[in-house]
Novice: 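I'd like to ask some things about the structure below.
For reference, positions follow the sequence shown, starting with 1.
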Amino acid sequence: MPGKLKSILVWGLRWLGLVALICLAGGFLGAVLFPIAGHLLGMDLATRDMVRNGVFDGGFFALIWAPGLSLVICIMWAHAQLSRKRD
């Protein structure tokens, strides 16, 4: 595999991995925080339903931000890698 194609594949996989990690973190935070806020606000949902809603809402909000944030992080990593290579 030529070097340029390999580099594109590696950075693409890093980007996808970051997107998945951010979405997973958003779903986890939603699953933890949504029931806490729901109980504090006196919602009439069962805890299981609040956790499910938290996973969906947290994952969705993270999915909105994940692609752009992952792109910025990958660009920062590539810049740092190029700077180290030049020195």
Novice: Please round to the nearest 0.5 Å and tell me the distance separating atom CG of Leu71 and atom CD1 of Ile75.
Specialist: 4.0 Å

Novice: Residues in side chain to side chain donor-acceptor pair (under 3.5 Å) with Thr47, at least two apart?
Specialist: His39

Novice: Do any pairs count as a salt bridge (Lys or Arg N to Asp or Glu O under 4.0 Å) and have a residue in residues 41-65, sequence neighbours left out, and if so which ones?
Specialist: Asp49-Arg52

Novice: For residues Pro35 and Ala31, report the shortest heavy-atom separation together with the two atoms involved.
Specialist: CD-O, 3.0 Å

Novice: Can you tell me how far apart CG (Leu33) and CG (Leu40) are? Round to the nearest 0.5 Å.
Specialist: 10.5 Å

Novice: So which heavy atom on Ala62 is nearest to which on Cys23, and how close?
Specialist: CB-CA, 3.9 Å

Novice: Quick check: do Leu5 and Leu9 have side-chain heavy atoms less than 4.5 Å from each other?
Specialist: no

Novice: Can you find a heavy atom in the side chain of Pro67 that is under 4.5 Å from one in the side chain of Trp15?
Specialist: yes

Novice: Measure from the side-chain N and O atoms of Ser83 to the backbone N and O of His79, and report whether any donor-acceptor pair falls under 3.5 Å.
Specialist: yes

Novice: Between Phe28 and Ile36, is there shared hydrophobic-cluster membership here, with clusters defined by ILVMFWY side-chain heavy atoms closer than 4.5 Å?
Specialist: yes

Novice: For Ala66 versus Ile22, what's the shortest heavy-atom pair and its separation?
Specialist: CB-CG2, 3.7 Å

Novice: Counting neighbours of CH2 on Trp11 that are heavy atoms of other residues, nucleotides or ligands and sit closer than 6.0 Å, is the number greater than 12?
Specialist: yes

Novice: Step by step, work out the side-chain contact (heavy atoms from CB on, under 4.5 Å) result for Leu69 and Ile73.
Specialist: CA-CA 6 Å; Leu69 183 61; Ile73 291 171; 4.0 Å; yes

Novice: Can you list the steps and then say if Trp77 with Leu18 is a side-chain contact (heavy atoms from CB on, under 4.5 Å)?
Specialist: CA-CA 12 Å; Trp77 283 348; Leu18 276 172; 3.8 Å; yes

